[in-house]
2 protein chains.
Amino acid sequence: MLDATSSYKPMGPRIPVTVTVADRTGHRIVPETTRRTDRFPGSRYGNRPTMKDVAARAGVGLKTVSRVVNGEPGVTPETERRVQEAIDALGFRRNDSARVLRKGRTASIGLVLEDLADPFYGPLSRAVEEVARAHGALLINGSSAEDADREQELVLALCARRVDGLVVIPAGDDHRYLEPELKAGVATVFVDRPAGHIDADVVVSDNFGGARDGVRHLIAHGHRRIGFIGDMPRIHTAAERLRGYRTAMEDAGIPVADGWMSLGVTDPERVRQAAREMLAGPEPVTAIFTGNNRVTVTVIRVLAEHARPVALVGFDDIELADLLQPGVTVVAQDAAALGRTAAERLFRQLDGTLIAPERIELPTRLITRGSGELPPAD
Amino acid sequence: MLDATSSYKPMGPRIPVTVTVADRTGHRIVPETTRRTDRFPGSRYGNRPTMKDVAARAGVGLKTVSRVVNGEPGVTPETERRVQEAIDALGFRRNDSARVLRKGRTASIGLVLEDLADPFYGPLSRAVEEVARAHGALLINGSSAEDADREQELVLALCARRVDGLVVIPAGDDHRYLEPELKAGVATVFVDRPAGHIDADVVVSDNFGGARDGVRHLIAHGHRRIGFIGDMPRIHTAAERLRGYRTAMEDAGIPVADGWMSLGVTDPERVRQAAREMLAGPEPVTAIFTGNNRVTVTVIRVLAEHARPVALVGFDDIELADLLQPGVTVVAQDAAALGRTAAERLFRQLDGTLIAPERIELPTRLITRGSGELPPAD
DNA sequence: TAGAGCCTGGACAACGTTGTCAGCCCGGGG
DNA sequence: CCCCGGGCTGACAACGTTGTCCAGGCTCTA
């Protein structure tokens, strides 16, 4: 599934060895079949004690240990004490892999996002984690790096682990590969972007409305030549924001010139170049609408070196935006709310409270800080 | 272990049911014992097919399916085709829980950090994830929220899942609870802060040297009344940075006045207040050294409203620092390098390449942008 | 004092997979 | 004609836990 590059073999062979242990009376010595040892050759290692070992040491039955470990009733305080003592002495820790196998649920959910390092996903992940924690579940996550194959690989790896649910920020646009999983009961919620060719819960921001309002804001401040720099339109959010831009312009009766739009550039150097081109020429733009936080930051840099003041509204809030000169006006989406809403919906699916998939759209908020209120300078 | 707040029971009971299936000849009908069903009452659900089901459908033995699934040699192309067909038809996906139980390794590592949403940890997580991915392992992570109990709870939950290794950014200062785990062979690396009362690998930044150099920088630019605002000294990094400040001042023969230091305030409002106090009074500081990114941001806000220019050097880089007026001079640490180094060490432990725990210190870098080069204004 | 019922504890199977090992079939050599 | 070897295949046990169910001992009551 994933490629390894060293001698670490996640699932290596084992060497069977015969050892002897005292039975629970402490008297007889019985041979035990294949016990694992030498699991970490050349390094510190050791065998983990099992409930059986604890039972033997405490002089009780296996199930009694299980009862103590899980706080089930029906164990004498004296017995419980002996078991607890053995647990502490051996450093026993329940093996949840076995538990999961038996119980059918893993108490963990998977989160697949685009890039853990992107500041937009930090609060989102955190929100998902908080909800998961409140429900007693752990979070397994991975970055798709905006690659559909890698997304699928990750999702399927998570399904193989039998996560109870999945929160996915899709990179690809076809999720039919998830059909068997959905049928098998894996709760699934898509966030930030909709799922492709599949009927599933979706939580997104109002990308269209937000962008439209941001551009309208610029128009309201007298701009007519407004540039748009955004991501590849195959990314749903980018397409929606572009649509918002077009709609606002059209509603205002402003025809969009060819040179005003830059789509699909992400590399900072090329964004820089695109911005410069819009600002040059005979009819330069007097305002720019940027399609995401990374583009916004790059454009801010370009505008800082530019002679004439140029108005700017960006999609996504950025830290310190209020301290720049001028402050950066943005259309902010609530990343934490996206994550929280998605995760809560996920657990409601697991509850059985939810039946039909739904699409939830969270509002965006225009935050005016100065850059979007600059008048056209021409 | 963790508290639940809804009816989602990660490990619910099951209802045994008797069903019948055709055997692999397709003729006889044999009854099968307790099969799970109705696992997700009131919601979409389904039983996941197992290798046994695939084997029955393909008319082959269980082990043959296993061989096909794992790409083991010794299966006729024709047999393989039949098995593959059954796999696709049933939507079979190997259950890694069972696999883990059998093989002893989970191909997953745990990452415990302070706050997923903190921009400092984004690149760190991402770097750990990249290394894990290169080794075929998944990443399970959680936030300790700077709470020692929660850290322990998380770490132990991860150990119960039998992660192969742990990367921990410690919140607590006593990690003896990890001793049984270490002995059992759980590879462990502490990052950003050292472990307490335990002998383990540690990867940290040169907090002391970085802070000392930052303060020296201010002194070199003529400052003598220099303030320090940092986190609680019980956090190792905070203590080290404080030590760097003290050392630089001492080396320069400058006695530190009481009002110049603010320790342990994190709440933005109180940081703001602390900064204002340093800047007021008869002998106000002419420069401030801030102990982490959050404090730096807050202090920048205070200085923006302040009449006289005040020099500033902050620990940790912040985005857009170069675009502020003046640009913010910082002591930058390489979060990605911390994560990468730690994760690589982790896998070398698992390789068996590493024997003795070590402490690795990564250098910091002073980035001058203007705010640290302002002369004293008094 | 005997019987009913409760409390405690343990034997056993099952979860879904993989390692071991033995058996089958086929072809070739003695 | 028989035996041997190699290539495929499948039966079976084991991984560590939990659910079921039963046994034994105790208490309580009639």
Side-chain angles (χ1 to χ4, degrees), chain A residues 11-18 23-24 32-37 39 47-56 58-80 82-83 92-106 160-162, chain B residues 11-18 23-24 32-37 39 47-56 58-80 82-83 92-106 160-162:
Chain A
M11 305 266 179
R14 83 178 32 169
I15 297 130
V17 172
T18 301
D23 80 347
R24 64 195 177 79
E32 203 153 87
T33 54
T34 60
R35 274 190 76 75
R36 182 188 321 118
T37 187
R39 232 205 286 186
N47 296 324
R48 300 202 74 117
T50 70
M51 284 192 179
K52 201 167 155 193
D53 301 324
V54 174
V60 303
L62 181 56
K63 188 60 218 268
T64 301
V65 176
S66 174
R67 274 193 269 261
V68 171
V69 169
N70 295 297
E72 287 169 32
V75 180
T76 329
E78 161 59 14
T79 307
E80 174 163 358
R82 278 219 316 283
V83 170
F92 167 80
R93 199 88 66 198
R94 183 180 63 196
N95 183 333
D96 275 358
S97 292
R99 175 164 225 250
V100 157
L101 180 58
R102 191 65 234 268
K103 308 210 78 154
R105 284 233 172 155
T106 56
R161 305 268 160 142
R162 295 293 188 270
Chain B
M11 305 266 179
R14 85 177 31 170
I15 297 129
V17 171
T18 301
D23 81 346
R24 65 194 176 79
E32 202 153 85
T33 54
T34 61
R35 275 190 74 76
R36 182 189 321 117
T37 188
R39 231 204 286 186
N47 296 324
R48 299 201 77 116
T50 70
M51 284 192 179
K52 200 166 154 192
D53 301 324
V54 174
V60 301
L62 182 57
K63 188 60 220 264
T64 301
V65 177
S66 174
R67 273 192 269 263
V68 171
V69 169
N70 294 296
E72 286 168 34
V75 180
T76 326
E78 161 59 15
T79 308
E80 175 163 359
R82 277 220 315 284
V83 171
F92 168 80
R93 199 88 66 198
R94 182 180 64 196
N95 183 334
D96 276 358
S97 293
R99 175 164 226 250
V100 157
L101 180 58
R102 192 66 235 267
K103 309 210 76 153
R105 286 232 172 157
T106 56
R161 305 268 160 141
R162 296 292 188 269

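Chain naming here is simple, since letters A, B, ... match the order of the sequence lines and numbering starts at 1 in each. Everything quoted here is computed from the prediction, not taken from an experiment. Every heavy atom of this structure was used, including side-chain atoms; hydrogens, water molecules and symmetry mates were not.
Looking at B:Lys63, its side chain comes within 3.5 Å of the base of C:dG19 through a donor and an acceptor atom. In this model, a side-chain donor or acceptor of A:Arg67 finds a partner on the base of C:dG9 within 3.5 Å.
Here OG of A:Ser97 is found 9.0 Å from CZ of A:Arg161. Values are rounded to the nearest 0.5 Å.
You'll find that the side chain of B:Ala98 is closest to C:dT17, out of D:dG19, C:dT17, C:dT8. Set against C:dG16, C:dG10, D:dT18, the side chain of B:Asn95 has C:dG16 as its closest nucleotide. The side chain of B:Phe92 lies closest to C:dT17 when the candidates are C:dT17, D:dG16, D:dT18. Residue B:Arg102 has its side chain nearest to C:dT17 when only C:dT17, D:dC8, D:dT17 are considered. Here the side chain of B:Glu72 is nearest to one of C:dG16, C:dG19, D:dT17, namely C:dG19. Proximity note for B:Leu101 (side chain, C-beta onward) versus D:dC15, C:dG9, C:dT17: the nearest is D:dC15.
Taking atom CZ on A:Arg99 and atom P on D:dT18, their separation rounds to 5 Å, with Å as the unit. Atom CD in A:Glu78 sits about 17 Å away from atom C1' in D:dC26, given to the nearest Å. For the pair B:Arg161 CZ and D:dC15 P, the interatomic distance rounds to 22 Å; values are reported in whole Å. Atom pair B:Asn70:CG and C:dT17:C1' shows a separation of 9 Å (rounding to whole Å applied).
Residue contacts for A:Val75: at a heavy-atom cut-off of 4.0 Å it reaches the sugar-phosphate backbone alone, with no base atom in range. As judged by a 4.0 angstrom heavy-atom cut-off over every strand, A:Ser97 is placed among residues making no nucleic acid contact.
The phosphate of C:dT8 has neither OP1 nor OP2 within less than 4.0 Å of any side-chain N or O from A:Thr79.
Side chain of A:Thr76 to backbone of A:Glu78: no donor-acceptor contact under 3.5 angstrom is found.
Using modelled atom types and a 3.5 Å distance limit, the side chains of B:Asn70 and B:Arg94 yield a donor-acceptor pair.
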